[in-house]
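Reading through the structure tokens given below for one structure.
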Amino acid sequence: MKVNFENSVTRNAAFISLGTDNCTIVLGAGGGGLTLPQIKGSGKRYLAGDIEVLEEHSAAMMFRCYLPGAEKERIFMRFGLLPGFKTRICLDLDLLDNSTIFTNRTPGTLKLVIHGKRTDINSVDRFELGMEETFHDVKVRLENFFLTDERPEEYPLPQRKLVDEFGQWKEKEWPGKIHSMEELKTRLKGYEKKAEYPFPEWNRWGGDAGRKLKEGTGYFSTFKSEDGRWHLVDPDGCDYFSLGPCGTNPGDHCRIDSFEQVCDWLPDVNDPEFKDLYMTGTMRRAAYMPPDTYKMLSFTALNLKRVYGESWKEKWEEISHNILMGNGINSQGNFPGLCVNNGRSKLPYVRELPGFPTTSTLIFRDFPDVLSLEYHEKSEKYAEYLSQWKEDVWLIGYFLRNEPEFNFVEGLAIADEVLHNPEQTYCRLGLIRYLKETYGSIEVLNKAWASAFESFDDFRKPIDCCSADYPKSQQDIRNFSKYLIREYIKIPSLACRAADKNHLNLGLRWSKAYNADMMAGWEYFDVFSINCYDFDPSRDMNFVMKAGVDLPILLGEYHCGALDRGLPATGLKGVKNQEERGVMWRHFVEKAAAHPYGVGAHWFQYNDQFCLGRYDGENYQIGMVDICMQPYKELMDAAYETSKILYKVKNGEAEPYSRLPESIPMIGY
């Protein structure tokens with residue numbers, strides 16, 4: 001079933017050309033779009049078609065779904081496209097059920113995410129294809145769109161070279177771009193230096209030796225001073241603020257399956273010199289997602305091996321330690337890979353405990369059936385992994401997991417999802433038991449809820465959204481939701497504490513602090529961690545503190561990117577140029593340090609992402625170093641200036657850096 005663009009209506013957009021099966025359109029910087037009215041009532045599952053972004057940078061495209069009379073979409077899909085590279089997209093309309101935030105990639109398409117509320121497609125009045133807000137109007141060409149019940153098998157891609165032999169974007173020049181192997185060798189050798197901190201008051205951990213807070217335990221610990229400030233404490237008992245990048249590995253994994261033909265050069269996958277740099281196989285992003293076959297290569301590792309041969313990894317360690325420690329970086333954030341637990345550590349680190357317990361039946365997205373015996377048993381097994389780390393003095397602590405996916409739904413009440421899910425889960429039985437204990441009889445519950453249930457057995461049947469269908473149920477739904485979140489945290493946390501008494505439980509790296517339900521269970525952590533993609537972390541940190549959490553707060557991720565260097569997307573925060581990236585570093589870190597609960601900030605990430613996308617399609621200019629291991633001077637200079645006064649800011653002796661960066665709307669997905 002073909003889509004006829006002549007039936008489309010624009011919003012904050014204008015056609016340049018228009019035909020039945022193609023159009024070229026200017027989408028307004030505020031996030032314009034055009035309607036696709038043929039979706040309504042079609043009954044088809046997939047929307048597919050070809051899109052070309054007629055700009056020099058990537059675009060975050062939007063597929064928005066509006067209810068009747070609504071000015072804001074109920075749910076949307078956001079996905080990325082490369083510039084000037086005609087790509088066939090495929091949108092699965094079944095995913096309007098909000099069962100996932102992420103999807104697997106189709107050839108050529110970058111990352112796709114889904115945000116909003118569960119939506120019945122038959123209730124949608126307007127479907128709109130357009131663009132996320134950006135910093136200027138954007139031209140795109142749309143062709144050959146159709147609706148179908150069969151997922152397309154063909155995803156044709158242009159035969160155009162986009163990536164040079166070093167993994168750099170060919171379409172652009174910028175200061176610091178590598179043009180030859182000799183140039184790369186010379187640059188890398190300039191970073192072969194002994195690694196040491198530039199501040200004499202810093203000890204070997206990166207703590208302030210002149211600020212002893214308590215007797216050292218031999219491991220990292222926490223301390224709350226009389227002025228109400230929370231602190232991390234290094235193994236010697238000194239004040240320690242954790243500052244550093246996530247993903248300290250020799251390059252990002254570059255997804256090349258379906259992209260081989262656009263690269264100037266790739267080593268043969270069977271070449272004995274380079275085959276160990278390839279990763280091939282099948283991965284499953286989450287238990288509820290289908291498996292995805294991939295082929296990936298680290299261009300950074302490839303570049304280093306071409307320069308240094310078999311000693312490339314040792315040289316990468318030397319160069320990385322020098323770049324980081326020499327600029328006042330004293331930690332590795334999550335996903336560390338620089339001399340971790342191998343006897344050669346120089347940088348304290350945090351890491352995620354792999355294999356967070358799940359259950360055969362899930363409540364919603366990745367939320368397990370936490371009241372089941374299965375969840376208890378798997379938590380015990382999960383905690384056993386800590387035995388490999390428990391003697392490592394360089395390990396600050398462990399995250400239980402990263403960004404639970406159920407939390408991406410704003411305002412989510414997990415008890416609503418327990419009742420929506422038709423399965424007879426242990427959580428459902430626990431909720432029925434809670435309601436019986438609270439009300440005693442169904443008549444009392446009906447009076448309190450203004451409902452008309454015949455018996456408590458009615459709760460064994462699916463309820464679409466209990467707190468919306470019965471507004472007076474909201475307090476009970478919230479209470480039980482908090483109980484389930486507390487159990488979700490408590491059960492694995494107690495198992496981990498029994499397995500490892502030396503290291504700090506750093507929490508869950510919540511994707512955002514905006515739902516008070518998710519603050520439940522904080523008492524089982526040693527440190528409360530959140531990821532914060534904002535220019536100033538104060539609002540999120542204050543939310544946590546005001547929700548009653550009395551713990552140190554660690555910011556597990558933040559970043560920004562610009563378009564003046566070698567990648568076509570900014571990441572989740574955009575700024576004007578590299579100088580403004582440095583401003584963002586200073587403002588964010590020093591605001592975090594000045595906050596009475598702030599104990600760390602971890603930049604995401606050490607390496608730039610690949611211009612054609614990592615495993616899931618992110619292609620952001622967010623690194624401290626680029627794909628050729630060249631540090632971004634403006635960012636590193638800012639890191640040095642912040643670290644020079646870090647402990648004075650932390651202890652209220654110096655004001656935090658006040659200027660906000662000059663921002664642009666993100667190009668991110």
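Quick note: residue numbers are just sequence positions, from 1.
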Under 6.0 Å from the six-membered ring centre of F102 and within 45° of its axis: does the NZ or CZ of R285 meet both? yes
Identify whether the distance between the nearest side-chain nitrogen and carboxylate oxygen of D149 and R45 falls below 4.0 Å. no
Taking ring-ring contact (aromatic ring centres under 6.0 Å, His included) as the test, write out the residues that go with Y514, two or more places apart. none
Salt bridge E423-R460, side-chain N to carboxylate O under 4.0 Å: no
Run through Y488, Y398, F399 and flag the one making a ring-ring contact (aromatic ring centres under 6.0 Å, His included) with F356. Y488
Salt bridge between D526 and R497, side-chain N to carboxylate O under 4.0 Å? yes
Exercise: do Y434 and D476 side chains pair donor with acceptor under 3.5 Å: yes
Between N421 and E417, does any side-chain donor sit less than 3.5 Å from a side-chain acceptor? no
Do E618 and K111 meet the salt-bridge criterion of a basic N to acidic O distance under 4.0 Å? yes
I'd like to check W449 versus C466 (side-chain heavy atoms, cut-off strictly below 4.5 Å). Are they in contact? yes
Should D97 and R118 count as an ion pair when the cut-off is N to O under 4.0 Å? no
Does the gap between the ring centers of Y533 and W603 come in under 6.0 Å? no
Centre of Y615's six-membered ring, under 6.0 Å away, within 45 degrees of the axis: is that where NZ or CZ of R255 sits? no
Do K378 and E374 meet the salt-bridge criterion of a basic N to acidic O distance under 4.0 Å? yes
Salt-bridge present (D292, R105; N to O < 4.0 Å): no
